[in-house]
Structures are given as structure tokens and as C-alpha cells.
Peer 1: 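Pasting a structure below so you can have a look.
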Amino acid sequence: MLTKNIVLIGFMGCGKSKVSRVLVDRLGRERFSTDKIIEKKEGRTIATIFKEAGEPYFRKLEEEVVAEVAGKENVIIDCGGGVVLNPKNLAALQKHGCLFYLKASPESLLANIKVGKPRPLLQVADPLSKIHELLNARRSVYEQADFTIDADFKTIPQVADQIVKIVRQ
Ligand code: S3P
């Protein structure tokens with residue numbers, strides 16, 4: 001049984017938040033969502049933070065929150081899609097956790113993003129091209145995860161099952 005933290009990483013729309021909620025039920029561990037903690041601290045949504053204070057301010061908050069949660073024990077951490085691009089965040093999360101990259105195709109990501117919360121980085125004329133561009137730039141970092149889980153067009157419980165299997169090995 002894996003006792004390190006379970007850290008979910010991956011691009012916007014890959015299902016990290018939904019999968020992490022299912023993992024809470026299946027594994028009985030506490031869950032921390034970096035985006036939710038930031039929204040609570042700031043009293044405004046991520047989209048509003050980007051609009052009113054800009055991305056660098058958001059990334060600073062993100063780093064503070066990761067420093068707070070990365071050292072916890074036996075928990076599930078649901079990371080915003082850009083968290084691990086900061087080497088400091090990646091190192092802190094790797095130190096106490098096992099990283100799971102939920103990998104999905106741009107088409108599948110876009111389908112989820114369209115029905116999800118607003119993503120400030122994708123408010124552009126051609127979000128699919130933007131997803132390709134960002135994913136190309138980020139892929140090598142996401143692939144540093146301990147495990148890559150194929151989340152393409154899978155249901156949330158199916159993805160959670162794959163993670164539970166690994167955790168229980
Ligand atoms: C971001 C992902 C978002 C949120 C912010 C920036 C990113 O979280 O943190 O909009 O840079 O990929 P989700 O991955 O939960 O959408």
C-alpha cells in the first residue's frame with residue numbers, strides 16, 4: 001500500500017478534480033485542491049484573480065499553497081494544471097508524494113473544458129490550437145510523474161480505479 005501523498009497532475013480538463021473526489025471515497029484520505037484553497041484565501045474565483053491581479057500574482061499564490069500542502073501526510077493533492085511548471089512546486093510535491101499524470105488528447109481536453117469552469121488561459125479564438133501549444137510546452141514536465149494514467153475518453157471512476165490499483169499494490 002502506497003503511503004505517500006497521491007498527487008494528481010495534468011492539463012486543464014483531464015479530470016483531476018473529479019478523480020480526486022472519487023479517490024477520497026475509495027481511499028478515505030483527505031483531499032486538497034490548490035485552486036480551491038487559492039479561491040478560498042482570496043475570496044474570488046481563479047478567473048477573477050487572473051483578470052484583476054494577473055497570472056504572475058496567481059502563480060505566487062500557487063507556490064505558497066503548494067508549500068503548505070506538499071508536506072502533509074497521506075493525503076490527495078489535486079493540482080491546478082500549471083502547478084508543476086514551477087520547479088520548486090514539482091520538487092516539493094515529489095518529495096512527499098507519488099505523482100500521477102492524467103494524460104488526455106487535446107480533443108478530449110477541449111470537450112471537458114467546454115462544459116467546465118472558465119479557464120483564463122483558454123479564452124482565445126481557437127482554444128484547440130492553444131491547447132496543442134501549451135501541451136507541447138508542458139508535456140515533458142507532466143511526463144516526470146511517477147505514473148501516467150491514460151484518461152482519454154475514460155469515465156472518472158475508470159481513471160480512479162486505475163490509480164486505486166496502483167496505490168493498493
Ligand atoms: C491552469 C489550470 C487551472 C487553474 C488556472 C491555470 C494552468 O486549473 O489553475 O486556470 O495553467 O493550466 P485546472 O487544471 O484545474 O483547470
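Treat the numbers as computed from the prediction; the structure is a model and nothing was measured. Note that ligands are numbered from 1 as they come in the structure, with each ligand's atoms numbered from 1 the same way. Residue numbers start at 1 and run along the sequence shown.
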Peer 1: Among all protein heavy atoms, pick the one closest to atom 14 (O) of ligand 1 and tell me residue, atom and distance.
Peer 2: Lys16 NZ, 2.7 Å
Peer 1: Test of understanding: with side chain to side chain contact (heavy atoms under 4.5 Å, CB included), list the residues that count as partners of Lys40, not counting sequence neighbours.
Peer 2: none
Peer 1: Under 4.0 Å from ligand 1, counting heavy atoms only, is it the side chain of Leu121, its backbone, both or neither?
Peer 2: side chain
Peer 1: Write out the residue and atom name of the closest protein heavy atom to atom 12 (O) of ligand 1, then the distance separating them to 0.1 Å.
Peer 2: Arg138 NH1, 2.7 Å
Peer 1: Within a strict 4.5 Å, meaning less than it, do heavy atoms of the Arg21 and Arg31 side chains meet?
Peer 2: yes
Peer 1: Which residue and atom name correspond to the protein heavy atom nearest atom 5 (C) of ligand 1, and how close is it?
Peer 2: Ile46 CG2, 3.8 Å
Peer 1: Looking at ligand 1, does any of its N/O atoms fall within less than 3.5 Å of an N/O of Phe58?
Peer 2: no
Peer 1: Please report which non-hydrogen protein atom sits nearest to atom 16 (O) of ligand 1, along with the residue it belongs to and the distance in Å to one decimal place.
Peer 2: Arg119 NE, 2.8 Å
Peer 1: Take atom CD of Gln158 as the centre, draw a 6.0 Å sphere, and report whether it contains more than 12 heavy atoms from other residues, nucleotides or ligands.
Peer 2: yes
Peer 1: For a side-chain contact (heavy atoms from CB on, under 4.5 Å) check, start with the C-alpha distance between Arg29 and Val24, then their side-chain angles and the critical distance, and finish with the verdict.
Peer 2: CA-CA 5 Å; Arg29 296 196 194 192; Val24 169; over 6 Å; no
Peer 1: Would you check, one step at a time, whether the test side chain to side chain donor-acceptor pair (under 3.5 Å) holds for Tyr57 with Glu42?
Peer 2: CA-CA 11 Å; Tyr57 178 77; Glu42 287 283 301; 2.8 Å; yes
Peer 1: Would you check whether Lys117 reaches within less than 4.0 Å of ligand 1, judged by its heavy atoms?
Peer 2: yes
Peer 1: Hey, mind stepping through Ser17 and Ser20 against side chain to side chain donor-acceptor pair (under 3.5 Å) and telling me if it holds?
Peer 2: CA-CA 5 Å; Ser17 299; Ser20 67; 5.3 Å; no
Peer 1: Can you label the angle between the Phe11 ring and the Tyr142 ring as parallel, tilted or perpendicular, going by 30° and 60°?
Peer 2: perpendicular
Peer 1: What's the shortest distance from atom 3 (C) of ligand 1 to any protein heavy atom, and which residue and atom give it?
Peer 2: Asp35 OD2, 3.6 Å
Peer 1: One residue to check: Pro120. Relative to ligand 1, which of side chain, backbone, both or neither has a non-hydrogen atom less than 4.0 Å away?
Peer 2: side chain
Peer 1: Is Ser17 close to ligand 1, meaning an N/O of one under 3.5 Å from an N/O of the other?
Peer 2: no
Peer 1: Kindly write out the residues that satisfy side chain to side chain contact (heavy atoms under 4.5 Å, CB included) with Val22, not counting sequence neighbours, or none if the list is empty.
Peer 2: Arg26, Ile156, Ala160
Peer 1: Determine whether the side chain, the backbone, both or neither of Glu55 has a heavy atom under 4.0 Å from any heavy atom of ligand 1.
Peer 2: neither
Peer 1: Quick one: does Arg59 get within less than 4.0 Å of ligand 1, heavy atoms only?
Peer 2: yes
